[in-house]
Structure formats: C-alpha cells, structure tokens
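By convention in this document, chain letters (A, B, ...) are assigned in the order of the sequence lines, proteins followed by strands, and residues within each chain are numbered from 1. Computed over heavy atoms, backbone and side chain alike; hydrogens, waters and symmetry mates excluded.
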Protein chains: 2
Amino acid sequence: MRVKITVAYDGTDFVGWQVQDNGRSVQSEIEKAVFKITGEKVRVTGSGRTDAGVHAAGQVAHFDTSSSVPACRFYKALNTVLPPDVKVTASEEISARFNACTHAKRKTYTYSIYLSETENPLYERYSVRIDPDIDVERMKKAAEIFRGEHDFAAFRASGGAAKTTVRTIYSLDIIEESGKIKFVVCGNGFLYNMVRIICGALVAAGKEKLTTEEIEKAFKTGKRPALIKTLPAKGLCLESAEYI
Amino acid sequence: MRVKITVAYDGTDFVGWQVQDNGRSVQSEIEKAVFKITGEKVRVTGSGRTDAGVHAAGQVAHFDTSSSVPACRFYKALNTVLPPDVKVTASEEISARFNACTHAKRKTYTYSIYLSETENPLYERYSVRIDPDIDVERMKKAAEIFRGEHDFAAFRASGGAAKTTVRTIYSLDIIEESGKIKFVVCGNGFLYNMVRIICGALVAAGKEKLTTEEIEKAFKTGKRPALIKTLPAKGLCLESAEYI
C-alpha cells in the first residue's frame with residue numbers, strides 16, 4: 001500500500017529534507033524509521049525539498065510498504081523511533097497513483113521576523129531579528145506586486161533545476177502582532193530560495209531601501225537588485241502542501 | 001554606579017540562573033560578560049533563581065561597576081560578548097539602594113502547553129504536549145481557587161529556603177488560542193516549583209482527575225494529592241519582575 005504522511009520538523013540540525021552525504025537529512029531519518037518498523041528499505045518522497053535550517057509544520061510525503069501496520073496508525077509507530085526534531089503528525093492510506101512531489105498543487109510557507117534592537121534568545125530559533133524602524137504599510141504595498149502569475153526569474157537563487165521560472169502566488173499576507181511579523185505566502189510552487197528572496201524584498205521595501213518601481217523593473221528585466229538579501233533559512237517554515 | 005539590566009534567555013542549555021559547579025549558569029555568563037567589558041569581577045544579583053531548563057523573557061538583575069560605559073548603553077556592550085542563548089534587552093543606572101532580589105514586588109510567569117496527540121518538534125522547546133481531551137472551563141474554574149493570599153505549602157517542592165509558605169497570587173489567567181494554552185500567573189513571590197505544580201493541578205483538573213474540593217482540601221491540609229504532577233521546566237518562562 002501507499003502511505004501519505006504529514007511531517008513536522010525543526011530544521012535547525014538538518015542539512016535539509018533531501019538525503020545528502022554531509023549530514024542528517026529529514027528524508028533519511030524517516031526512511032530509517034520506516035526500516036526500523038517494517039524492515040523495508042523504502043524511498044520517502046516529499047512534496048519538495050526544504051533547505052538546511054528550514055522548518056516544516058506540514059511537509060507531506062509518501063512511501064510504499066507491504067507492512068501490516070494499518071496506515072492510519074503508522075504515524076504512531078514511526079514516532080516511537082524518530083528523533084525528537086522530526087515527527088509524523090498524521091498518516092493515511094492513499095491511491096498508488098498519488099505522488100507527494102508531482103501532484104502538489106499549492107504550498108504555503110510562513111516567514112517570521114521580530115522587531116527588536118537586540119537579539120532575543122527566545123525568538124532566534126524560528127525567526128529573524130529586524131530593526132524596529134520598518135514601515136509595514138510599505139511592505140504591504142510591495143507585497144501586492146508579487147501576487148498573481150509572474151516570471152520570478154529575478155527572485156530566485158541560481159542552482160535550481162526548474163524548467164520555467166513562471167509561478168503563481170495565490171496569496172501573500174503580512175500579519176503583524178506585538179512586535180512580530182509573519183509573511184504567509186501560498187503559491188503553486190516556488191523556485192530555489194524564492195520565498196526567502198521575496199521576503200528580503202519586502203523587508204527592503206519596508207526599510208525604504210527599495211521602491212515598488214524597482215520591484216516592477218526586476219520583474220521586467222529578470223535581474224535582482226543587489227540590495228535584496230536572501231533572508232536566513234531559520235525564519236522559513238513549510239506550513240502545508242495541498243493536493244486538492 | 002549600580003546598573004539594572006533586563007535579561008532574556010533560552011534556559012534549555014543552562015543549569016539555571018544561579019552559579020553552580022556542574023554546568024553553565026545564566027548568572028555566570030553575565031558575570032563573565034561584565035568582566036570582558038570592564039575587567040571587573042562583579043556579582044550579578046537576579047530577581048530570583050530560575051531552575052534548569054526554565055526560560056526568561058524579562059529576568060531583572062543588578063550589578064555595581066565603576067566602568068565609564070554609560071549604563072543605558074551597557075546592554076549593547078554586553079551583548080557583543082554574551083553567548084546566543086542569553087542577551088540583555090535593556091540597561092539603566094539605578095539607585096545604589098535598589099536590590100533586584102529583595103525589592104521585587106511582583107513576578108509574572110507564563111506556562112505554555114499545546115494540545116496534540118503527537119509531539120510537534122516546533123513546539124517542544126518552549127512548551128509541553130498535553131492530550132487534547134482537556135476541559136478548559138474546568139481549568140478556569142480550578143484557577144479561581146488559587147487566586148488571592150493563601151498558604152501554598154501543598155503546592156511547592158521540598159528544598160526551598162522560604163521562611164513562610166504564604167504567598168499572594170494577583171492573577172492567574174488561562175489563554176487559549178488555536179491548540180495552545182498559556183497560563184499567565186502574577187504573584188508577590190513563588191515557592192520552589194510552585195508555578196509548575198499549580199499548572200500541574202490545573203491540567204489534572206482539566207482532565208477531570210482532580211476536583212475543586214480536592215484542591216481546597218490540599219490548601220487546608222498542606223498536603224499535595226499524589227496525582228498533581230510538577231510540569232516540566234521547559235514550559236515555564238519568567239516574563240517580568242516588577243518593582244513599582
């Protein structure tokens with residue numbers, strides 16, 4: 001049977017989702033856990049990779065097993081052998097035609113910042129400090145430009161394997177609450193580092209270092225202005241992958 | 001001059017606030033930082049100890065220095081040499097009669113739990129998992145009993161050095177939001193493990209394992225019912241100390 005799982009992880013001590021030679025990956029931890037439970041060497045396919053340091057609340061993945069453990073209880077079995085920084089929050093049997101990677105229709109990421117002149121150790125693990133002199137209204141104005149279908153060539157890092165750089169952003173919201181700002185972005189897919197670069201652009205806009213005209217120009221030319229920084233991985237969290 | 005500082009720390013990797021032989025303490029990290037900045041060996045006095053694993057957003061402390069660094073800028077200097085898990089968020093000059101420990105009038109702690117059948121790695125560092133079948137209204141009802149001036153002998157661990165076990169709880173609120181519950185408790189002082197034991201009682205009440213009558217009886221007899229657990233340190237955070 002094919003099993004669909006939902007996975008939460010603290011990305012701090014991982015080299016990322018994908019199996020790599022140079023350290024712990026989320027994928028390999030889950031594959032090891034499946035082996036411990038079933039004795040089977042399986043490939044666990046995720047909705048997509050997440051980079052080193054990126055967290056997930058709702059990564060989705062699938063694998064095939066001939067185990068007699070009921071799919072709906074698989075998550076409990078896996079959690080008994082998984083390390084504390086990765087846990088499976090749900091599991092269910094799904095059609096053998098389902099593919100967690102190629103069938104993903106929408107993904108939602110959050111990026112978290114906190115406004116403070118000094119680092120706060122309680123916030124540093126899952127968000128990034130930004131100086132408080134930032135104009136949220138300007139960020140919201142800039143966010144409007146990113147919504148919809150665009151060629152995001154200017155807003156990705158090199159190294160991705162994407163065939164096209166056209167993507168659709170269904171929503172990009174900015175939620176402000178007591179000194180914390182959360183960017184919530186939902187799209188049909190994201191290029192390499194795209195969310196972290198878009199959020200870097202929004203922060204630059206909020207700091208009045210970047211105008212909406214410069215963002216529009218970047219879309220037209222496909223070239224990213226040098227002052228748009230890729231924000232650190234630790235502020236990013238994959239919230240969900242949807243299959244409709 | 002005497003300098004008052006406000007300190008935030010992630011308690012995970014500390015043996016607690018107080019200097020001890022067996023590991024890193026917050027107090028010694030700050031004393032080392034003051035030494036690096038001023039060359040002076042000072043004693044940093046906190047509003048009170050926090051135990052191993054307990055966090056702080058607003059611990060208050062004082063120390064004396066003859067440094068020429070202006071008090072209002074001391075926090076910035078200290079932060080350049082402090083480790084990532086402890087930072088000073090504010091500093092100011094204060095009367096030499098001020099004592100961060102003996103003059104503290106009120107302290108506010110939060111205790112955080114999240115409701116889930118499975119562990120969530122993103123919540124495990126600063127909160128404690130509780131099964132979702134919990135009755136928040138019953139917890140709120142039980143919380144009423146703790147408010148006010150009482151002899152809290154039944155709600156402390158042995159080992160404290162307190163002269164009296166009478167304390168006043170000014171407020172004890174239960175804030176519920178999307179699967180997370182935060183207990184916010186403000187009092188004139190707390191006995192050893194008192195907040196963690198009170199929150200353990202509230203959870204037991206919410207799980208219908210403890211009646212309000214049993215809590216009232218514990219106050220009268222000074223004996224704690226065995227089923228009231230001391231909740232883990234990691235859910236506890238010292239939010240502030242007030243001096244009025």
Exercise. What ring pair (Phe, Tyr, Trp, His ring centres under 6.0 Å) pairs are there with at least one residue in residues 8-54 of chain B, not counting sequence neighbours?
Worked result: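 Ring pair (Phe, Tyr, Trp, His ring centres under 6.0 Å) check on residues 8-54 of chain B returns no pairs.
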
Exercise. Which residues satisfy the ring-ring contact (aromatic ring centres under 6.0 Å, His included) test with B/Tyr243, sequence neighbours excluded?
Worked result: B/Phe98

Problem set entry | More than 12 heavy atoms of other groups within 6.0 Å of B/Arg49 CZ |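 Not buried by this count: 12 neighbours or fewer within 6.0 Å.
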
Exercise. Within a reach of under 6.0 Å around NZ of B/Lys182, are more than 12 heavy atoms found that belong to other residues, nucleotides or ligands?
Worked result: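 Counting neighbours around NZ of B/Lys182, 12 or fewer heavy atoms of other residues, nucleotides or ligands fall under 6.0 Å, so no.
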
Exercise. Given that the side chain runs from C-beta out, which part of B/Ala90 has a heavy atom under 4.5 Å from chain A: side chain, backbone, both or neither?
Worked result: neither

Problem set entry | Side chain / backbone / both / neither for B/Glu119 at chain A, heavy atoms under 4.5 Å | both

For this session: Inspect the contact between A/Lys107 and A/Glu239 and indicate whether a charged nitrogen and a carboxylate oxygen are less than 4.0 angstrom apart.
Result: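 Answer for the salt bridge query: no.
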
Problem set entry | Residues of residues 71-81 of chain B with any heavy atom under 4.5 Å of a heavy atom in chain A |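 Interface residues of residues 71-81 of chain B: B/Tyr75, B/Lys76, B/Asn79.
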
For this session: Kindly assign one of parallel, tilted or perpendicular to the pair A/Tyr111 and A/Phe183, based on the angle between their ring planes and the thresholds 30° and 60°.
Result: tilted

Seminar exercise, completed: Residues at least two apart in sequence or cross-chain that pass side-chain hydrogen bond (donor to acceptor under 3.5 Å, both in side chains) with A/Arg43, listed by chain then number, are A/Glu31

For this session: Among B/Asp10, B/Thr118, B/Leu122, single out the residue with the greatest number of heavy-atom pairs under 4.5 Å to chain A.
Result: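 Among B/Asp10, B/Thr118, B/Leu122, the one with the most close pairs to chain A is B/Leu122.
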
